[in-house]
Trainee: 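Quick one: this structure, given as structure tokens, is what I'll be asking you about.
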Amino acid sequence: MSIIKGDLVGRSEEYAQYTAIILKRLGTKLVGGFHDLFTIDDETRMEYFRDKAINLAKAGKHQRAGQLLEQLYKSNPEDGEVMLHLGVCYLKLGHRNEGIELLEKASDEHKDDIKLATVLGLSYIQNEDFEKAIPLLEKVIEDTPNSANILYRLGVAYDNTGNYQRAVECFLSALEIKPDEARIHRSVGYAFEQMDDHEAAMAHFKRANELGGGE
């Protein structure tokens, strides 16, 4: 699967303009020999397109970003940042399986990357693959314990796998950070209900109704 419509060579005009700026800045420092010039040129070119592609992805321009990121990924398949953003582009463009597969590969190769764990964990939640989401989001919450959103999503994952006690713990922790979020009160209410704690469930359902809104 590819979303490439052009290639980096086809963007020579854009790159030429950028190169002129770089050469002007570097001035006589590049006159050390053609080898150095070409080495710096290649590195600068890749860095430029890498920054441009990532910025496009962050700006939500996933089609254009994906075209560049695919080329960059082929040039350096070990670049975790490129893999992350290309995986997100695939997901945003509807190529769910390709996106998940690439994010899994990136996560395996960069196990300590919390950003990757977060994106992959939330992607699993969206894909209703709750068992896979749990270990990733547990790792994320160890690193960022005050993220109400991650605590809530982790609670959703536990709730959907039948671990209602742990789901309640996660939802209540999320409520300590965001006490007025109706969807969390509603979710913890359902989890208490599954544990036959009807009194606690009703208290949270009542609070959710007072707050209004919902998932």
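All values below come from the heavy atoms of this structure, side chains included, with hydrogens, waters and symmetry mates left out.
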Trainee: Would you mind telling me which of K92, H85, Q67 makes a side-chain contact (heavy atoms from CB on, under 4.5 Å) with H62?
Mentor: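 Result: among K92, H85, Q67, K92 is the only option passing the side-chain contact (heavy atoms from CB on, under 4.5 Å) with H62.
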Trainee: Could you tell me whether a side-chain N or O of H185 sits under 3.5 Å from a main-chain N or O of L175, the two making a donor and an acceptor?
Mentor: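 Side chain of H185 to backbone of L175, a donor-acceptor pair under 3.5 Å: no, none is there.
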Trainee: Distance check, rounded to the nearest 0.5 Å: D79 atom CG versus L69 atom CG?
Mentor: 9.0 Å
Trainee: Do E181 and L211 come within less than 4.5 Å of each other through their side chains, counting heavy atoms only?
Mentor: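 Result no, sub-4.5 Å side-chain heavy-atom pair not found.
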Trainee: Evaluate whether atom CG of D108 has more than 12 neighbouring non-hydrogen atoms of other residues, nucleotides or ligands under 6.0 angstrom away.
Mentor: yes
Trainee: Report yes if some heavy atom in the side chain of Q126 is under 4.5 Å from a heavy atom in the side chain of R96; otherwise report no.
Mentor: yes
Trainee: Using a strict cut-off of less than 4.0 Å between a Lys/Arg side-chain nitrogen and an Asp/Glu carboxylate oxygen, indicate whether K115 and E81 qualify as a salt bridge.
Mentor: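 Salt bridge present between K115 and E81.
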Trainee: The test is side-chain contact (heavy atoms from CB on, under 4.5 Å); show your working for N76 and V82 and say whether it passes.
Mentor: CA-CA 9 Å; N76 182 10; V82 167; over 6 Å; no
Trainee: Between OH of Y90 and CD of E101, what distance do you get to the nearest 0.5 Å?
Mentor: 9.5 Å
Trainee: Please determine if E70 and K74 form a salt bridge, counting it only when a charged side-chain N lies under 4.0 Å from a carboxylate O.
Mentor: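 Salt bridge flag = no for K74 with E70.
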Trainee: Check I177 against P145 and note the closest heavy-atom contact, atom names and distance.
Mentor: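 Here I177 and P145 meet closest at CD1-O, 4.1 Å.
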Trainee: Whether the side chain of N160 engages the backbone of V156 through a donor-acceptor N/O pair (distance < 3.5 Å, no angle test) should be reported.
Mentor: yes
Trainee: For M202, I'd like to know if atom CE has over 12 heavy atoms of other residues, nucleotides or ligands within 6.0 Å.
Mentor: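 No, because the 6.0 Å sphere around CE of M202 holds 12 heavy atoms or fewer from other groups.
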Trainee: Counting only heavy atoms not in Y190, do more than 12 fall under 6.0 Å of its OH?
Mentor: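 No - once you tally the heavy atoms of other residues, nucleotides and ligands closer than 6.0 Å, there are 12 at most.
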Trainee: So does L103 get a backbone contact from the side chain of S107, meaning a donor-acceptor N/O pair under 3.5 Å?
Mentor: no
Trainee: How close do L137 and G121 get, heavy atom to heavy atom, and via which atoms?
Mentor: CD2-CA, 4.0 Å
Trainee: Do you know the tightest heavy-atom contact between I184 and Y152?
Mentor: CG1-CD1, 3.8 Å
Trainee: Dump the intermediate steps for ring-ring contact (aromatic ring centres under 6.0 Å, His included) on Y124 and F130, then the final yes or no.
Mentor: CA-CA 6 Å; Y124 282 144; F130 301 110; over 10 Å; no
Trainee: Carefully, step by step, assess L122 and L136 under the rule side-chain contact (heavy atoms from CB on, under 4.5 Å).
Mentor: CA-CA 9 Å; L122 294 178; L136 287 168; over 6 Å; no
Trainee: Around atom CD of E109, are there more than 12 heavy atoms of other residues, nucleotides or ligands at under 6.0 Å?
Mentor: yes
Trainee: Between D159 and R166, does any side-chain N to carboxylate O distance fall below 4.0 Å?
Mentor: no
Trainee: Quick one: closest heavy-atom pair of A65 and C89, and the distance?
Mentor: CB-SG, 3.9 Å
Trainee: Is it the case that the side chain of T144 and the backbone of S147 share a donor-acceptor pair, with hydrogens and angles ignored and the cut-off at 3.5 Å?
Mentor: no
Trainee: With heavy-atom distances below 4.5 Å as the criterion, would you say the side chains of R50 and I54 are in contact?
Mentor: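 With C-beta onward as the side chain, the pair touches.
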Trainee: Using 4.0 Å as the upper bound for N to carboxylate O, is an ion pair formed by K132 and D129?
Mentor: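 A salt bridge is present here (some side-chain N lies under 4.0 Å from a carboxylate O).
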Trainee: Hey, quick one: are M195 and L154 part of the same hydrophobic cluster, counting side-chain heavy atoms closer than 4.5 Å, chains of contacts allowed?
Mentor: yes
Trainee: If every non-hydrogen atom of A167 is compared with every non-hydrogen atom of G155, which pair is closest and at what distance?
Mentor: CB-O, 3.5 Å
Trainee: Carefully, step by step, assess I100 and L91 under the rule side-chain contact (heavy atoms from CB on, under 4.5 Å).
Mentor: CA-CA 8 Å; I100 294 280; L91 293 174; 4.2 Å; yes
Trainee: Roughly how far, to the nearest 0.5 Å, is CG of L84 from CG of L120?
Mentor: 10.0 Å
Trainee: Quick check: F192 with H204 (ring centres under 6.0 Å apart)?
Mentor: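 Ring centroids of H204 and F192 are less than 6.0 Å from each other.
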Trainee: Would you check if E199 and D197 make a side-chain contact, meaning some heavy-atom pair closer than 4.5 Å?
Mentor: yes
Trainee: Kindly determine whether E138 and I141 satisfy side-chain contact (heavy atoms from CB on, under 4.5 Å), including the steps that lead there.
Mentor: CA-CA 5 Å; E138 284 286 8; I141 213 62; 3.9 Å; yes
Trainee: Taking the side chain as every heavy atom from C-beta outward, state whether Y158 and I134 have any atom pair closer than 4.5 Å.
Mentor: yes
Trainee: Please give me the minimum heavy-atom distance between I125 and A157, naming the atom from each residue.
Mentor: CD1-CB, 3.7 Å
Trainee: Does E210 pair with R207 as a salt bridge, N-O distance under 4.0 Å?
Mentor: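 R207 and E210: salt-bridged.
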